[in-house]
Amino acid sequence: MKDVVCLAIETSCDETSMSIIKNGSEEIATVVFTQIDIHKKFGGVVPEIASRSHIESITIVLDELFEKAKMTIDDIDIIGVTYGPGLIGSLLIGLQAAKTTAMLTGKPLIPVHHIAGHIYANNLENRLQFPLIALVVSGGHTELIYMKEDYSFERIGGTLDDAVGEAYDKVAKILGLDYPGGPLVDALSIKGKDTYDLPYPLDDKSYNFSFSGIKSAVVNIVHNEKQRKKEIRVEDMCTSFQNRVVEVITKKTMRALKEYKVKNLIIAGGVAANNGLRNKFATLCKEEKINLSIPKIKYCTDNAAMIGAAAYYAYKKGIVADLELNAMATDTLYKY
Ligand code: KG4
Ligand code: ZN
């Protein structure tokens, strides 16, 4: 079969990223312009600032990408773009760039769901093995998905409130740590002790998650200690929080593997970089003889390479959009 080279565009949050990916697995070049430093002083992503920054950087990133790849638009076969979910103003910038390029060149426009992108990040290193369970854990999502074959998604559970990365970032903020706080909480948790009495987040029979309760428990403890003029032991709080979160996520995921009789687990999204989660899954999967796949850290956080990988499999399934394609802030339907 002829090679399919994809120009992929991802602007769903605070990263302007473009990639050129061959056949859904071979990364030719990627450029990521991250806005983290711009948003740091606000303690989180400011949507309006994010979309303005995407406008400023989008054509620069595109030029840099072709220069890096030593290619031109003539070498591209398909254009993959994240249409959602994400920040609407941010999504629209990437989508407009993709639609304009598709219109000018007549090349197929492939709409990619952001979660599908996170899942296919794994395909950049090893070909996905089916059937599989995918756990997508990021700043915007906590989802458990069953896939019987390529580009077939059955959502079996997800968060009812905050995404796990969001909870990490909020807990970090309460503890006076920088944004994004997830990696900092993770690093500090190694140094602390599990001494705080935090609740297990939605430790029930469902495959859903809820992190607002444990986040509120941290807020209450921090406020109470402040009122009593007592110091909060930040490292111990990080350990206690991380232990509860890792315990519930790993427990539900391992149960899903058993119930669905699946031997392949992939983990994706920014929180897949979490050491507690990686270590616990590594141990459990070894015990249960599950093939575990976690992408390199650079493919865990938002990037266009993963969108290029997913776009190839969407294209093979005949998923092509027209220029009416719109951005969607929330979309769990996987209709594309
Ligand atoms: O996938 P991602 O780059 O963006 C979204 O689609 O949301 O994920 C970013 C999230 C942030 O909330 C960040 O704090 C979290 O991933 N994160 C971590 C770690 N590294 C990144 N959370 C916990 N432990 C980590 N090591
Ligand atoms: Zn993401």
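First listed ligand is number 1; within each ligand, the first listed atom is number 1. Remember, it's a predicted structure, so these values are computed and weren't measured experimentally.
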Using 30° and 60° as the class boundaries, would you call the ring planes of His118 and His114 parallel, tilted or perpendicular?
perpendicular
Starting from atom 6 (O) of ligand 1, locate the nearest protein heavy atom and write down its residue, its atom name and how far away it is, to 0.1 Å.
Asp302 OD1, 3.1 Å
Does Cys300 approach ligand 1 within less than 4.0 angstrom via side chain, backbone, both or neither, non-hydrogen atoms only?
backbone
Would you please indicate if the ring centroids of Tyr168 and Phe241 are separated by under 6.0 Å?
yes
Is His114 close enough to touch ligand 1? Criterion: a residue heavy atom under 4.0 Å from a ligand atom.
yes
Could you say whether the N/O atoms of Asp169 and ligand 1 ever approach to under 3.5 Å?
yes
Record the part of Asp186 in heavy-atom contact with ligand 1 below 4.0 Å; permitted values are side chain, backbone, both and neither.
side chain
Residue and atom name of the nearest protein heavy atom (relative to atom 17 (N) of ligand 1), distance in Å to one decimal
Gly270 O, 3.7 Å
Among Ser12, Gly139, Gly276, Ala163, which one puts a heavy atom closest to atom 9 (C) of ligand 1?
Gly139
Quick one: sort the Tyr146 and Tyr260 rings into parallel, tilted or perpendicular, breaks at 30° and 60°.
tilted
With a cut-off of 4.0 Å, which atoms of ligand 1 are near a heavy atom of Pro180?
14 (O)
Kindly confirm or rule out an N or O of Gly165 lying under 3.5 angstrom from an N or O of ligand 1.
yes
Should you measure from each heavy atom of Ala273, which atoms of ligand 1 turn up under 4.0 Å away?
20 (N), 26 (N)
Is any NZ, NE, NH1 or NH2 atom of the basic residue among Lys22 and Asp77 found under 4.0 Å from an Asp or Glu carboxylate oxygen of the other?
no
List ligand 1 atoms under 4.0 Å from Gly182, heavy atoms only on the residue side.
14 (O), 18 (C), 19 (C), 22 (N), 23 (C), 24 (N), 25 (C)
For Glu15, which part has a heavy atom under 4.0 Å from ligand 1: side chain, backbone, both, or neither?
neither
Mind checking whether Ile297 and Val32 sit in one hydrophobic cluster, side chains of I, L, V, M, F, W, Y counted as touching below 4.5 Å?
no
Does the residue Pro183 have a heavy-atom contact with ligand 1, meaning some pair of atoms that are separated by less than 4.0 Å?
yes
Inspect the contact between Glu149 and Lys317 and indicate whether a charged nitrogen and a carboxylate oxygen are less than 4.0 angstrom apart.
yes
Say whether His54 and Thr16, considering side chains only, have a donor N or O and an acceptor N or O under 3.5 Å apart.
yes
Counting N and O atoms only, with roles assigned by atom type, does the side chain of Arg255 sit under 3.5 Å from a partner on the main chain of Ser206, one being a donor and the other an acceptor?
yes
Can you tell whether the side chains of Glu56 and Arg52 come within less than 4.0 Å, N to carboxylate O?
no
Which atom names give the shortest non-hydrogen contact between Thr11 and Ser90, and what distance separates them?
OG1-O, 2.7 Å
Polar proximity ligand 1 side, Thr301 side, N/O cut 3.5 Å exclusive:
no
Ligand-side contact atoms (ligand 1) for residue partner His118, heavy atom cut-off under 4.0 Å:
1 (O), 6 (O)
Within the side chain of Asn122, is there an N or O that forms a donor-acceptor pair under 3.5 Å with the backbone of Ile119?
yes
Nitrogen or oxygen atoms of Gly181 and ligand 1 under 3.5 Å apart
no
The Zn ion (ligand 2) to nearest N/O/S of His141 less than 2.8 Å:
no
Looking at the Zn ion (ligand 2), is one of the N, O or S atoms of His114 less than 2.8 Å from it?
yes
Quick check: of its N, O or S atoms, which one does Asp302 have closest to the Zn ion (ligand 2)?
OD1
Any nitrogen or oxygen of Asn275, main chain or side chain, under 3.5 Å from a nitrogen or oxygen of ligand 1?
no
Examine the side chains of Gln242 and Asp186 and answer whether a donor and an acceptor come within less than 3.5 Å of each other.
yes
Give the atoms of ligand 1, by number and element, whose distance to some non-hydrogen atom of Gly140 is under 4.0 Å.
7 (O)
